[in-house]
Amino acid sequence: MSERKPRKDAARNREAVLAAADALFARRESAEDITMADIAAEAGVGKGTLFRAFGDRPGLLRALYEARLEPVREAVEAGPPPLGPATAPQQRVPALLDAVLCFKLDNRRLTLAFEESGGSSPYRAEHYERWHGLLRDVLEQIPGLADSDFAAHALLAATRADLVEYLAGQKGVPRERMRAQLADFTAGFLASGPSRGSAGPASVPGSRGVRP
């Protein structure tokens, strides 16, 4: 019994910290201003509790990000169409991108802070590699679409957290307009798929045929 109580307390503290961090990211205008001390105070725990449970600020951000993403991941891995694995690839690609965009719109400050906390190339981050690998695999199922690896990078670029924050936060683009723009962009890309790879790079006027 003596060992169970500390485990229960640790689990309770962890949930309190995640809830406090979630509330702060929803309430504050700038994610950069939220410190571990702020989160500890909001949760009513000591800073040491945060560091023991999560290691550092990136570790806490990762845990909160994963907790918020879990419903989306479940829908992608085992849910019904249009996100689940039984969906035709032409329908699943736009649905996956829309899910990523909606998640980042719903969690703008959290995802921005998380994507900026890696300290290295964002393309090496585990969460990015996971989305990229999934999208690449689905794109490979579309006949005639060349270079699914690059295509997955290009399409995911339209859902970067800094771009979402710029468009939604600074430019004030409405949510449904952003979703429609992404859907149109994706549809145009997929419609041009069969012709991709049939020719080399287009010549740039004045380039005299020199390629990089």
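Note that the coordinates shown come from a computational prediction; the quantities given were computed from them, not determined experimentally.
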For the CZ atom on Arg175, are there more than 12 heavy atoms of other groups (residues, nucleotides or ligands in this structure) within a distance under 6.0 Å? yes

Any side-chain heavy-atom pair from His132 and Asp149 closer than 4.5 angstrom? yes

Quick one: which residue pairs count as a side-chain hydrogen bond (donor to acceptor under 3.5 Å, both in side chains) with a foot in residues 81-101, not counting sequence neighbours? Asp98-Arg179

In sequence, state the C-alpha distance, the side-chain angles, and the governing distance for Asp33 and Arg28, and then conclude on salt bridge (charged side-chain N to carboxylate O under 4.0 Å, His left out). CA-CA 8 Å; Asp33 295 338; Arg28 296 277 184 91; over 6 Å; no

At their closest point, which heavy atom of Ala95 faces which heavy atom of Leu83, and how far apart are they? O-CD2, 3.3 Å

Asn107 and Leu69: CA distance, side-chain angles, deciding distance, side-chain contact (heavy atoms from CB on, under 4.5 Å) verdict: CA-CA 10 Å; Asn107 302 275; Leu69 186 64; over 6 Å; no

Among all residues two or more places apart in sequence or in another chain, which pass the side chain to side chain contact (heavy atoms under 4.5 Å, CB included) test with Gln141? Pro89

Hphob cluster co-occupancy, Leu96 + Phe185, side-chain heavy atoms under 4.5 angstrom: yes

For the CD atom of Glu140 and the CG atom of Leu145, what is their distance to the nearest 0.5 Å? 9.5 Å

Whether the side chain of Asp22 engages the backbone of Ala19 through a donor-acceptor N/O pair (distance < 3.5 Å, no angle test) should be reported. no

With Phe54 as reference, evaluate Leu61, Leu18, Leu64 under the side-chain contact (heavy atoms from CB on, under 4.5 Å) test and give the passing residue. Leu18

pair Asp56-Leu50: side-chain heavy atoms closer than 4.5 Å: no

Of the non-hydrogen atoms in Ala16 and Ala43, which two are nearest, and what is the gap between them? O-CB, 3.7 Å

Salt-bridge test for Glu126 and Arg130: reply yes if a basic N is under 4.0 Å from a carboxylate O, no otherwise. yes

Validation row, ring centre His127 to ring centre Phe114 under 6.0 Å: yes

Hydrophobic clustering (ILVMFWY, side-chain heavy atoms < 4.5 Å, transitive) - are Tyr166 and Val100 grouped together? yes

Verdict with supporting geometry, Glu165 and Arg109, salt bridge (charged side-chain N to carboxylate O under 4.0 Å, His left out): CA-CA 8 Å; Glu165 177 62 26; Arg109 296 175 185 88; 5.7 Å; no

Where do Ala63 and Arg14 come nearest, in terms of heavy atoms and distance? CB-NH2, 3.8 Å

Would a hydrophobic clustering, with Ile, Leu, Val, Met, Phe, Trp and Tyr connected at side-chain separations under 4.5 Å, put Leu182 with Leu112? no

If the threshold is 4.0 Å, N to carboxylate O, is there a salt bridge linking Glu15 and Arg12? no

Looking at the rings of Tyr128 and His153, which for Trp means the six-membered one, are their centres under 6.0 Å apart? yes

Answer yes or no: is there an ion pair linking Lys47 with Glu42, defined by an N-O contact shorter than 4.0 Å? no

Is Lys104 paired with Glu115 through a side-chain N to carboxylate O contact shorter than 4.0 Å? yes

Centroid-centroid under 6.0 Å between Phe103 and Tyr65 rings: yes

